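Report on the following structure.
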Amino acid sequence: MLDIKTIREDPKLVKDSLVRRGEDSSVVDMLLLCDEERRKLVYEVEKLKQRRNEVSSEIAKMKREDQDTKGAILEMREVGERIKEMDDTIRQMEKKISDILLSIPNIPHESVPYGKDESENVEVRRWREPRSFDFEPKAHWDIGVNLGILDFERASKISGARFTVLRGAGARLSRALVAFMIDLHTGEHGYTEIYPPVLVNTESMIGTGQLPKFAEDMFHCEGTDYYLIPTAEVPVTNLYRDEILSADDLPIYHVAYSACFRAEAGSAGRDTRGLIRQHQFDKVELVKFVKPGTSYDELEKLVGNAEEVLRRLELPYRVVMMCTGDVGFAAAKKYDPEVWMPSYGRYVEISSCSNFEDFQARRANIRYRSEPGAKPEYVHTLNGSGVAVGRTIAAILENYQEADGSVVVPEALRPYMGGLRRIEAE
RNA sequence: GGAGAGAUGGCUGAGUGGUUGAAAGCGCUCGCCUCGAAAGCGAGUAGGCGGGUAGCCCCUGCCUCGUGAGUUCGAAUCUCACUCUCUCCGCCA
């Protein structure tokens, strides 16, 4: 959420940002109109309330002195009615303003390149050349099924499309990856581990920006106020909702493993095979709460932390900076580390690292005091995958496959796999 | 699921219709004291939304005592609904 005061003072900035994102900027004028109207009403009703307060204390005094209060009470009864009506109108106006405010995306940082869609994202760096195979490499869904470690057919029987059952070494590989990633981030990057609920309420979803705009992407538990989280970003960022932190608390670094759930409405036909796009997948997420001045440095470090996972696993990757048309609703700046996927013949997103500045903090009301007694200010929040587990399994299967159909276990993972060096068909 | 108790400021905790936005304590900040510190003493210390003035200093109004409605001239205080927490019982991995 943007600050209404910023919009009031510099509407052009917000309109330009919407245009750069390729969105309609006319909401800004509508918003300002409502805002002006609201302030006018607030001013009026507050004058009435002041009058009511004054007369009420006069009535108290008159009663103590045994004077007649009938006239004053009658007058105030009318004033009270009037106040109620106006408060109603103001409440409607505020609802409208907040609806608009919640639907306006963040302003991209000045370092974000202009572009209309993902085709204009900018590659920032590459690590390692993709391996060249002396045989025809297979896709991970074939490798996994042949090894008996991925079972898509039974998954579709028990659940449906876009689900997977992991079996044997496949299940262990997944568990090993989660442990490996969390150990790396807690042990070497200074993150504190969190294990969050995967069901959260509406308020949390609004706090991080999934709602109200992207309701169709979410699984909602019918008859309840619970949503299945699309990422651990939601519960972990909302950990400090409506809190005022002290400067000493910052920066806060959290790492959280969770299952993630996405309805994937509107992606029919895309990535239908394999582990790339599932309704349920595992992810290790990194979340930071930092002082405003530091958030862009923190973003670079965060991306580096995600990249370190891929380097340790020796998976070739590149990092892409999102352009204005692809930066995402809540982010001011975003980098996507992408892993090389032989079956796709290209790099595939395996992480997404964003600086939200105070966009989420304002929605979720997460503040801090720069020093004792100072006015509370909004923190900056960041998060990034560190990294997506399902896609990492896919990348390992494909990049580490051998001509005989077996898959070599990356060295960094072997301690977590009971020393297993190679996954072979049983 | 049943019965009961509760929800007040950074924290603990008073307050059952009218100078209570809120006692007291703790914490924190500043000052005094001290060579310095502690102790002691004194002062200060919620957030939000408007208006004035104007770069976050200051003045001023309104709102906020879990959330939402209601009663009333006036609600932290009375009524109703909801949410959450705790205790006991039941059920259960």
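The chains referred to below are lettered A, B, ... by the order of the sequence lines, with proteins before strands, and numbering in each begins at 1. As the structure is a computational prediction, the values presented were derived from the model and not from experiment.
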Requested in this report: For A:Lys47, report the nucleic acid contact type (base, sugar-phosphate, nothing); a contact means any heavy atom under 4.0 Å.
Outcome: nothing

Requested in this report: Starting at the 5' end of nucleotides 46-57 of chain B, put B wherever the base has a protein heavy atom under 4.0 Å, S where only the sugar-phosphate does, and a dash everywhere else.
Outcome: -SSBSS------

Report task. Tell me whether the centres of the aromatic rings in A:Phe359 and A:Phe329 are closer together than 6.0 Å. Result -> yes

Report task. Report the base-pairing partner of B:rA81 (Watson-Crick or G-U wobble, both distances below 3.5 angstrom), or none. Result -> B:rU67

Query raised in the report: Across all strands shown, which nucleotide pairs with B:rG9 by Watson-Crick or G-U wobble geometry, both distances under 3.5 Å?
Result: none

Report task. Please state the P separation for the pair B:rA75 and B:rA39 - nearest whole angstrom. Result -> 44 Å

Requested in this report: Using the P atoms only, state how far B:rA76 lies from B:rA38, rounded to an integer number of Å.
Outcome: 41 Å

Requested in this report: With C1' as the reference atom in both, quote the distance from B:rA54 to B:rG70 in angstrom, rounded to an integer.
Outcome: 42 Å

Query raised in the report: Are A:Asn53 and B:rG74 close enough that a side-chain N or O sits under 4.0 Å from OP1 or OP2?
Result: no

Requested in this report: Determine, step by step, whether A:Asp151 and A:Arg167 satisfy the side-chain contact (heavy atoms from CB on, under 4.5 Å) criterion, reporting the C-alpha distance in whole Å, the side-chain angles of both residues, the deciding distance to 0.1 Å, and the verdict.
Outcome: CA-CA 7 Å; A:Asp151 189 341; A:Arg167 185 173 190 281; 5.8 Å; no

Query - Under 4.0 angstrom between A:Arg52 side-chain N/O and B:rC63 OP1 or OP2 - result: yes

Query - Salt-bridge present (A:Arg8, A:Asp35; N to O < 4.0 Å) - result: yes

Report task. Check whether the ring centres of A:His220 and A:Tyr226 lie less than 6.0 Å apart, and answer yes or no. Result -> no

Query raised in the report: Under 3.5 Å, is there a donor-acceptor pair between the A:Glu233 and A:Thr208 side chains?
Result: no

Query raised in the report: Should B:rA37 form a Watson-Crick or G-U wobble pair with both distances under 3.5 Å, which nucleotide is its partner?
Result: none

Query raised in the report: OH of A:Tyr368 versus P of B:rG10: gap in Å, rounded?
Result: 18 Å

Report summary line: Across every strand shown, the nucleotide meeting Watson-Crick or G-U wobble geometry with B:rC56 (both distances under 3.5 Å) is none

Query raised in the report: How close or far is atom P of B:rA69 from atom CZ of A:Arg91, stated in whole angstroms?
Result: 5 Å

Report task. Please give the nucleotide sitting opposite B:rC88 as a Watson-Crick or G-U wobble pair, both distances under 3.5 Å, or none. Result -> B:rG2

Query raised in the report: Rounding to the closest angstrom, what is the interatomic distance between B:rG40 and B:rU60 at atom C1'?
Result: 39 Å

Query raised in the report: Taking the inter-plane angle between the rings of A:Tyr240 and A:His254 on a 0 to 90° scale, is it parallel (under 30°), tilted (30 to 60°) or perpendicular (over 60°)?
Result: parallel

Query raised in the report: Checking salt bridge (Lys or Arg N to Asp or Glu O under 4.0 Å) for the pair A:Lys116/A:Glu120: CA distance, chi angles, key distance, verdict?
Result: CA-CA 7 Å; A:Lys116 61 181 185 317; A:Glu120 296 186 70; 3.2 Å; yes

Query raised in the report: How many Å lie between CD on A:Gln50 and C1' on B:rC73, as a whole number?
Result: 16 Å

Report task. Describe, in one word, how the ring planes of A:Tyr191 and A:His189 are oriented to each other, choosing from parallel (under 30°), tilted (30 to 60°) and perpendicular (over 60°). Result -> perpendicular

Query raised in the report: A:Asp242 CG to B:rG9 P: how many Å, rounded?
Result: 13 Å

Query raised in the report: Where the side chain of A:Lys49 is concerned, which of B:rC73, B:rC63, B:rG61 is the nearest nucleotide?
Result: B:rC63

Query raised in the report: Given atom CD of A:Glu203 and atom C1' of B:rU67, what is their separation to the nearest angstrom?
Result: 10 Å

Query raised in the report: Are A:Phe219 and A:His279 near enough that their ring centres are under 6.0 Å apart?
Result: yes

Query raised in the report: Quick one: do A:Asp88 and A:Arg91 make a salt bridge, cutoff under 4.0 Å?
Result: yes

**Report entry** Euclidean distance, atom CD of residue A:Glu54 to atom C1' of B:rU60 [Å, nearest integer]
**Finding:** 12 Å

**Report entry** A:Thr164 side chain to A:Gln278 side chain, donor-acceptor N/O pair below 3.5 angstrom
**Finding:** yes

**Report entry** Nucleic acid contacts - residues 76-90 of chain A versus RNA chain B, non-hydrogen atoms under 4.0 Å
**Finding:** A:Met76, A:Arg77, A:Lys84

Query raised in the report: If we call it a pair only when both distances are under 3.5 Å in a Watson-Crick or G-U wobble match, what pairs with B:rA43?
Result: B:rU29

Query raised in the report: What is the base-pairing partner of B:rA76, counting Watson-Crick and G-U wobble geometry with both distances under 3.5 Å?
Result: none

